[in-house]
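Report on the following structure.
In this chain, residues are counted from 1 in sequence order. Hydrogens, waters and symmetry mates are skipped; everything else that's a heavy atom, side chains included, is used.
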Amino acid sequence: MGGFFLLTGFILLGNIAGTYHITALIGKVSIIQQHPLFPLVFGLVALGAITKSAQFPFHFWLPGAMKAPTPVSAYLHSATMVKAGIYLLARFSPILGGNPIWMYSLMAIGGLTMLYAAFHSLFRTDLKGVLAYSTISALGILVFLLGLGTKDAIIAASVFILVHALYKAALFLITGIIDHETGTRDLTVLRGLRRVLMPVAIAGFLAALSSAGIPLTFGFIGKDLIYEATLHATPDLFLYLTVAAVVTNILLVSAGFMAGIKPFMGKLPEQFNTIHLPYKAMWIPPLLLAILGVVFGCIPGLVGEWIAGPTATSILAKPETFHLKIWHGFNLILLLSAITIAAGTLLYFINRPSEKKLAWIVNFNKISPEYIIQLCAQEIVLFSTFFTNKMHNGYLRSYLLKIILFAELLIAYQLYLGGPLHIKWETLSPVSFYEVTTVCILIGAIVLTIRTSSRLTAVVATSVVGYAICLIFVFYSAPDLAMTQFTIDTLTVVLFVLVLFKLPSFLNLANRRTIIRDAVVAIVFGILLSMVALRVLHEPTTTNISDFYGDYAYVLAKGKNVVNVILVDFRGFDTMFEIVVLSIAALGVYSLLKLRLKSSDKE
């Protein structure tokens with residue numbers, strides 16, 4: 001669904017701007033944002049982005065995707081796949097951003113996601129569950145910052161992308177090592193693993209410190225930039241935005257300690273005494289990532305110049321220079337960081353993950369987005385089943401009825417658009433005795449076809465209908481059409497008799513109600529076609545095409561019968577392909593007539 005909405009939004013955006021080139025789109029911001037369809041374009045693009053980056057209420061796919069192998073989770077869920085939606089919003093920020101629709105929508109979605117997911121992470125007992133919900137919260141922070149859209153917010157987002165990638169990838173790999181060695185990810189069981197997995201414990205400790213934003217880690221720089229962005233927001237919102245950011249980070253501090261510190265602290269259970277340190281290829285990568293979190297925290301200027309600076313310049317679509325520093329003096333931002341670390345650490349010691357707490361939060365699943373969307377999916381399946389049973393039930397008569405009804409609706413709608421129908425009786429030719437007699441025979445043959453219980457009688461009566469139409473063609477000076485109709489009708493009757501001769505007797509597949517319904521549909525269809533014919537009589541006609549065929553039939557094709565010339569010469573390819581189709585059908589019928597099934601196939 002997200003990809004479909006995204007594609008639709010891109011198509012509309014390209015139609016509005018006349019180009020799909022992103023650089024060219026940036027030069028047409030005013031045209032795009034002043035267009036009446038701009039809110040729809042933004043909504044479609046935003047839907048695609050928030051589904052890909054697991055924003056509320058489309059976040060629940062990410063915890064389910066944590067069943068993937070740990071290296072895959074580390075790669076996709078900390079750095080690449082879930083960042084695709086973030087990249088999308090960042091890339092289109094110069095095009096769709098800078099207006100209230102963008103700002104308030106993304107701030108609301110991101111703010112709700114980061115608080116919701118950070119709160120849920122405290123109740124998880126599975127290490128990957130904790131990481132999943134803390135990842136959703138971090139993605140919410142990034143959407144929140146992109147919605148804020150100020151220079152400080154974009155800089156904070158540019159830095160926090162790398163901050164999150166480093167500590168979260170390390171924690172994912174550490175979780176994989178723990179699961180590989182102990183056979184469990186249950187936080188209610190895991191403890192004391194530092195005694196047998198010391199390098200892994202060091203990596204987890206450093207990654208958790210960066211996640212919490214402890215000074216001299218890269219997470220400290222990222223968290224300070226987030227607070228700076230919220231404090232410098234609009235005067236009427238900065239307080240609420242800052243409170244939301246502080247509360248989210250407090251919860252994430254506790255979640256980071258749960259994932260990176262708790263499994264290694266305390267007394268080692270007896271069942272883990274036999275655990276040994278895995279080979280170096282497993283524990284060196286998370287240790288390197290965790291150490292990088294400290295190195296970048298000590299020399300943040302390097303990251304700002306090489307990574308964050310170009311990123312912010314690309315998002316803002318204008319050159320931006322800034323220098324990341326460790327120390328900015330004693331100020332409100334430092335105070336908020338201290339409050340965050342202290343409150344988060346206290347919450348870590350107070351909060352004890354347990355199955356009881358998890359069961360309590362599971363009780364609210366009936367109002368969760370996942371449950372609601374699953375209900376919608378079930379209703380879609382039920383509707384699809386109902387629709388398929390009604391519209392695609394395998395009966396030819398049902399398909400014909402639906403096709404004719406749809407055609408009647410289209411014709412009736414077109415007649416309605418054409419306005420009232422006026423008949424000029426004086427322009428119509430008088431009705432002769434022969435025409436009245438022929439029409440009466442035709443109607444009688446139709447009634448006999450419908451009411452007879454004999455298949456042979458029905459076929460013969462149908463042929464009478466065809467011959468009556470032949471007479472009408474003769475009355476109106478169209479002998480070639482009459483001969484064609486006569487030949488086709490005769491051939492059809494012969495084929496019908498040959499085929500139907502071998503079939504069993506009639507099966508009664510329709511009750512009186514069905515017969516009346518079909519009769520009404522048929523009569524309405526005939527009336528509508530008659531009205532179309534009457535309207536055509538009053539349409540201005542041009543004879544350019546017929547004049548061309550009449551003038552050049554003999555000159556170019558050397559034929560005096562214009563109809564034959566059209567079929568054979570002017571539209572020869574059409575006729576040739578029709579002959580090919582009929583030949584293929586004839587071969588198919590001949591093959592079926594010659595088919596001899598084995599006794600086992602018949603059974």
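- Ile11 approaches Tyr20 most closely through the heavy-atom pair O-OH, 3.5 Å.
- A donor-acceptor pair under 3.5 Å is formed between the side chain of Thr51 and the backbone N or O of Gly48.
- Within a 6.0 Å radius of CZ in Arg91, other residues, nucleotides and ligands contribute 12 heavy atoms or fewer.
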Under 3.5 Å, which donor-acceptor pairs do the side chains of residues 461-476 form with other protein atoms, sequence neighbours left out?
unit_1, atom_1, unit_2, atom_2, d
Thr462, OG1, Ala458, O, 2.7
Ser463, OG, Val460, O, 2.4
Tyr467, OH, Thr490, OG1, 3.0
Tyr476, OH, Glu435, OE2, 3.1

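- Enclosure of atom CE in Met483 is not indicated, since only 12 or fewer non-hydrogen atoms of other residues, nucleotides or ligands lie within 6.0 angstrom.
- Using modelled atom types, one side-chain atom of Lys28 and one backbone atom of Ala17 make a donor-acceptor pair closer than 3.5 Å.
- For Asp574, the side-chain hydrogen bond (donor to acceptor under 3.5 Å, both in side chains) partners two or more places apart in sequence, or in a different chain, are Arg571.
- Side-chain contact check for Thr437 versus Ile441: some heavy-atom pair is nearer than 4.5 Å.
- At least one donor-acceptor pair closer than 3.5 Å links the side chain of Ser583 to the backbone N or O of Ile579.
- The heavy-atom pair separating Thr135 from Leu131 by the smallest distance is OG1-O, 2.7 Å.
- The two residues Val41 and Gly9 come nearest to each other via the heavy atoms CG1-O, 3.9 Å.
- Residues in residues 380-394 take part in these side chain to side chain donor-acceptor pair (under 3.5 Å) pairs, two or more places apart or across chains: Asn393-Ser398.
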Determine, stepwise, if the pair Thr575 / Val568 fulfils side-chain contact (heavy atoms from CB on, under 4.5 Å). CA-CA 7 Å; Thr575 306; Val568 176; 5.7 Å; no
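- Counting heavy atoms of neighbouring residues, nucleotides and ligands inside a 6.0 Å radius, atom CZ of Phe548 exceeds 12 of them.
- Surrounding OH of Tyr554 are at most 12 heavy atoms belonging to other residues, nucleotides or ligands under 6.0 Å away.
- For Lys83 and Ser53, the side-chain atoms include no donor-acceptor pair closer than 3.5 Å.
- A distance-only check finds no donor-acceptor pair linking the side chain of Thr452 to the backbone of Thr449 [under 3.5 Å].
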List the atom pairs, donor and acceptor, that lie under 3.5 Å between side-chain atoms in residues 409-416 and the rest of the protein, sequence neighbours left out.
none

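- Aromatic pair Tyr399/Tyr395: centroids not less than 6.0 angstrom apart.
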Can I get a per-line list of side-chain donor-acceptor pairs under 3.5 Å for residues 95-113, giving both atom names and the distance, sequence neighbours left out?
unit_1, atom_1, unit_2, atom_2, d
Asn99, OD1, Ile101, N, 3.2
Asn99, OD1, Trp102, N, 3.0
Asn99, ND2, Gln33, OE1, 3.3
Asn99, ND2, Leu96, O, 2.6
Asn99, ND2, Gly97, O, 3.4
Trp102, NE1, Leu146, O, 3.1
Ser105, OG, Ile101, O, 2.7
Thr113, OG1, Gln55, OE1, 3.4
Thr113, OG1, Phe56, N, 2.9
Thr113, OG1, Ile109, O, 2.7

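- When side chains are defined from C-beta on, Ile32 counts as touching Leu25, because their heavy atoms get closer than 4.5 Å.
- By the neighbour-count criterion of 12 heavy atoms within 6.0 Å, atom CD1 of Ile545 is sparsely surrounded, having that number or fewer from other residues, nucleotides or ligands.
- Tyr549 is linked by a side-chain hydrogen bond (donor to acceptor under 3.5 Å, both in side chains) to nothing, counting only residues two or more places apart in sequence or in another chain.
- Of the residues listed (Phe5, Phe4, Phe92), the one engaging Phe10 in a ring-ring contact (aromatic ring centres under 6.0 Å, His included) is Phe92, and it is the only one.
- With values rounded to the nearest 0.5 angstrom, Leu316 atom CG is found 10.5 Å from Thr311 atom OG1.
- Scanning both residues, Ala24 and Thr19, for their nearest heavy atoms gives CB-CG2, 3.7 Å.
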